S.K.: 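Next up is a structure, given as structure tokens.
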Amino acid sequence: MTSDRSICVLTATELARAIARGEVSSRETVEAHLARIASLGQLAAFVTVDADGARRAAQMCDAASAPIGPLHGVPIAIKDLTDTAGLATTYGSVLFRDHVPAEDDLVVARLPRAGAIILGKTNTPEFGFGAVCTNRLCGPTRNPFDPVLTSGGSSGGSAVAVASGMVPLAQGTDFGGSVRTPASFCDVASIRPTPGRIASPRRPLGRDALATHGFLARGVDDLELALSVCGDANDPLSLGSAGGDRPIAGHPRIAVTPDFGVAPVAREARARFAAACEAFARVADVEPSSPDCGGAIEAFRTLRAAHIANAYGELLRTRRAELTPTVIWNIEAGANLSAQDYLDAERRRTAIYRSFRELFTRVDFLVAPAASVLPWPNEIADVTAIDGAALETPIDYLAVTFIVSLVGFPVLTLPVPRGENELPFGIQIVAPPGCESRLFAFGRVLENELGFSHRRPL
């Protein structure tokens with residue numbers, strides 16, 4: 001390791017090995033990444049940087065007689081929607097500007113136990129609601145490939161931190177595409193695991209499977225490593241989540257769809273996806289196919305609105321003037337839903353889930369675009385139209401990702417190879433519930449044999 005930059009180029013897996021071999025210390029690693037964060041402050045990836053805490057943790061790692069865990073000494077970042085004990089957690093809102101949780105979220109607690117060092121909290125729109133990663137405290141978080149453009153919502157801070165070498169690994173959350181869209185926009189990999197695979201035992205609605213924790217990294221090995229230290233059965237959704245995850249014998253069978261038959265997807269994104277699909281024939285048996293997703297957009301809108309109104313309705317009643325218009329719209333969308341509306345959406349969700357299950361009796365993976373559009377300027381707050389066709393709601397551009405959220409199947413995203421002047425773009429690779437290891441194995445094939453891997457922006 002001859003320079004700070006060379007340290008910051010390494011993946012989490014490579015750094016953990018280098019630290020374990022004594023080629024670099026935890027303190028050197030932390031200092032290199034803190035310097036990188038400081039030098040790229042214009043990207044606004046971090047809301048809070050805990051330099052002193054990171055240095056103390058690095059000192060403890062260096063003093064240890066043996067590695068604490070598989071992430072020993074590796075710097076990471078946590079999205080500012082996720083509670084960190086003793087470290088400010090604002091949820092992207094001025095209402096929580098001074099909020100310091102007393103307890104870690106379980107996913108946060110498990111990472112330092114594995115040796116990881118938390119450098120700070122990454123930016124997010126207010127409460128995670130917004131197409132552009134900005135709020136009244138910080139942002140916009142700028143795309144490292146073109147600072148004029150959005151990094152995506154809502155884990156944009158985590159995506160930028162990983163893509164630009166501020167950290168090799170970052171935690172995120174994903175409701176309708178919030179790790180996958182920023183990963184696509186910033187040329188990094190991401191995992192949204194089977195709901196419950198990363199436990200969230202403090203979640204008030206314990207069986208809510210729409211939102212999950214996830215991770216962003218520059219390669220599949222790091223995603224698998226992060227998931228391995230955070231997996232848990234301490235959650236109503238966790239039981240049985242890891243069953244049936246067997247390796248694929250021979251060429252995998254993959255179905256490819258540009259839009260699930262219902263999602264609005266821009267012509268440019270379709271063209272990029274079609275070019276990526278042409279390469280798959282070298283490593284898989286490919287067929288154009290999709291589950292029946294009729295009604296998926298309407299079902300997700302209803303379920304999402306109901307959950308948001310339940311979680312944030314009191315804030316709207318008591319602190320409306322301090323909320324952003326985007327948050328107000330999101331809460332109000334669920335204000336007048338009936339129990340019948342909710343049950344109708346759940347009924348449609350069940351039918352779509354069964355259609356996904358039926359497809360996976362014939363194929364091993366389902367591949368789709370990881371974003372319906374390419375990054376757009378930060379000054380444009382929402383995607384209101386695609387190729388000139390108006391969208392009914394501000395979240396409909398996420399349909400290509402939120403359909404997968406609706407059914408709760410695990411999904412890996414990878415960046416696709418791109419030309420010198422092309423913006424980043426990614427694909428989603430979907431597998432049956434509990435089959436993350438199968439996803440990671442196929443992801444490594446695409447990385448190593450087809451070049452579906454991260455390229456540095458800076």
Side-chain angles (χ1 to χ4, degrees), residues 1 7-34 50-79 82-87 101 103-122 158 161-162 165-173 189-191 193 196-201 212-235 238 241-242 245 436-437 440 444:
M1 313 302 159
I7 292 174
C8 294
V9 165
L10 296 179
T11 67
T13 304
E14 291 167 339
L15 270 174
R17 290 172 183 160
I19 293 168
R21 290 192 295 256
E23 296 171 0
V24 65
S25 69
S26 301
R27 180 61 183 262
E28 289 173 299
T29 302
V30 163
E31 293 296 346
H33 286 87
L34 289 174
D50 185 20
D52 291 341
R55 288 175 176 128
R56 288 193 298 270
Q59 186 175 2
M60 291 176 61
C61 284
D62 287 335
S65 58
I68 295 170
L71 286 168
H72 181 87
V74 175
I76 65 167
I78 304 296
K79 183 178 179 179
T82 306
D83 283 355
T84 45
L87 183 60
E103 293 183 74
D104 285 325
D105 191 288
L106 181 59
V107 69
V108 174
R110 287 180 177 269
L111 290 162
R113 289 178 204 166
I117 297 174
I118 297 171
L119 296 194
K121 307 298 290 292
T122 54
S158 288
V162 168
M166 299 181 198
V167 289
L169 175 69
Q171 177 264 353
T173 59
S190 75
I191 183 68
R197 194 69 182 264
I198 300 175
S200 187
T212 70
H213 293 289
F215 289 100
L216 301 99
R218 296 193 290 271
V220 171
D221 286 350
D222 287 3
L223 297 176
E224 186 168 32
L225 179 58
L227 190 59
S228 74
V229 303
C230 291
D232 197 299
N234 190 23
D235 190 290
S238 298
S241 66
D245 197 0
E436 285 84 357
S437 292
F440 294 138
R444 274 188 281 270

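This is a predicted model, so every value here is computed, not measured.
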S.K.: Ignoring hydrogens and geometry, is there a side-chain-to-backbone donor-acceptor pair from Arg110 to Asp105 under 3.5 Å?
M.R.: no
S.K.: Is there side-chain contact between Val108 and Asp83, with heavy atoms separated by less than 4.5 Å?
M.R.: no
S.K.: According to salt bridge (charged side-chain N to carboxylate O under 4.0 Å, His left out), who are the partners of Asp104, at least two apart in sequence or on a separate chain?
M.R.: none
S.K.: For Arg17, give me all partners under side-chain hydrogen bond (donor to acceptor under 3.5 Å, both in side chains), at least two apart in sequence or on another chain.
M.R.: none
S.K.: Could you list the residues that satisfy side chain to side chain contact (heavy atoms under 4.5 Å, CB included) with Ala77, not counting sequence neighbours?
M.R.: Phe46, Thr122, Val167, Ala170
S.K.: What pair of heavy atoms forms the shortest contact from Gly73 to Cys61, and how long is it?
M.R.: N-SG, 3.8 Å
S.K.: With rounding to the nearest 0.5 Å, note down the distance linking CG in Leu10 to CZ in Arg218.
M.R.: 8.0 Å
S.K.: Looking at residues at least two apart in the chain, or sitting in another chain, which of them share a side-chain hydrogen bond (donor to acceptor under 3.5 Å, both in side chains) with Thr13?
M.R.: Asp222
S.K.: Sequence neighbours left out, cut at 3.5 Å: what donor-acceptor pairs do the side chains of residues 111-118 make with other protein atoms?
M.R.:
none

S.K.: How far apart are the closest heavy atoms of Thr11 and Pro168, and which atoms are they?
M.R.: C-CB, 3.8 Å
S.K.: When you compare the side chain of Leu15 with that of Pro75, does any pair of heavy atoms fall below 4.5 Å?
M.R.: yes
S.K.: Test of understanding: with salt bridge (charged side-chain N to carboxylate O under 4.0 Å, His left out), list the residues that count as partners of Asp221, not counting sequence neighbours.
M.R.: Arg444
S.K.: Apply the test side-chain contact (heavy atoms from CB on, under 4.5 Å) to residues Thr212 and Thr173: give CA-CA distance (whole Å), side-chain angles for both, the deciding distance (0.1 Å), then the verdict.
M.R.: CA-CA 6 Å; Thr212 70; Thr173 59; over 6 Å; no
S.K.: Looking only at heavy atoms, which two atoms of Met166 and His33 are closest? And how far apart?
M.R.: O-CD2, 3.2 Å
S.K.: Does either side chain, that of Lys79 or that of Ser158, offer a donor lying less than 3.5 Å from an acceptor on the other one?
M.R.: no
S.K.: What pairs of residues pass the side chain to side chain donor-acceptor pair (under 3.5 Å) test when at least one of them lies in residues 56-65, not counting sequence neighbours?
M.R.: Ser26-Asp62
S.K.: Could you tell me if the side chain of Met60 sits less than 4.5 Å from the side chain of Ile68, heavy atoms only?
M.R.: no
S.K.: Can you name the nearest heavy-atom pair linking Leu227 to Glu436, along with the distance?
M.R.: CD2-CG, 3.7 Å
S.K.: Nearest heavy-atom pair of Gly214 and Pro193: which atoms, and what distance?
M.R.: CA-CD, 4.2 Å
S.K.: So Val107 and Phe215, side-chain contact (heavy atoms from CB on, under 4.5 Å) or not? Walk me through it.
M.R.: CA-CA 11 Å; Val107 69; Phe215 289 100; 4.2 Å; yes
S.K.: Would you say the side-chain atoms of Lys121 pair up with the backbone N or O of Asp50, donor to acceptor, closer than 3.5 Å?
M.R.: no
S.K.: Any chance you could lay out the side-chain contact (heavy atoms from CB on, under 4.5 Å) test for Val74 and Thr29, step after step, and finish with the verdict?
M.R.: CA-CA 7 Å; Val74 175; Thr29 302; over 6 Å; no
S.K.: State, to 0.1 Å, how close Thr84 and Ile78 come at their nearest heavy-atom pair, and which atoms those are.
M.R.: CG2-CG2, 4.1 Å
